[in-house]
Amino acid sequence: MKKEDVGGLIVYMVIIVLAIVFGLTVLQQHVGESSLVGLPYVLYIVGSVVLGVLFNAILFELAHYVGAKIGGYDV
């Protein structure tokens with residue numbers, strides 16, 4: 001393994017831990033305050049995760065684009 005591979009794995013582990021903490025604190029608290037039970041509960045959690053992933057993907061790609069423009073690359 002290269003040094004960059006280890007660094008990438010550490011970053012992904014931190015992201016996964018933060019996602020789990022977010023799910024167990026924020027999402028669970030909001031669902032607990034609502035009347036969701038059973039399948040709607042599962043759909044809420046899965047939907048929240050999917051929307052969060054899509055939102056972050058869009059933000060990361062936008063950041064790559066802005067960074068490329070700042071760096072003087074042709075996009």
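- Follow the hydrophobic side-chain contacts under 4.5 Å out from V46 and you reach L54 in the same cluster.
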Would you tabulate the side-chain donor-acceptor contacts of residues 6-14 under 3.5 Å, counting partners in other chains and residues two or more places apart, or write 'none'?
none

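- In this structure V21 satisfies the side-chain contact (heavy atoms from CB on, under 4.5 Å) test together with V17, T25, sequence neighbours excluded.
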Could you pull out every donor-acceptor pair under 3.5 Å between side chains of residues 56-74 and any protein atom, sequence neighbours left out?
residue	atom	partner	partner atom	Å
N56	ND2	G52	O	3.2
H64	ND1	F60	O	3.0

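- Members clustered with L39: L43, by chain and number, using a 4.5 Å side-chain heavy-atom cutoff among hydrophobic residues.
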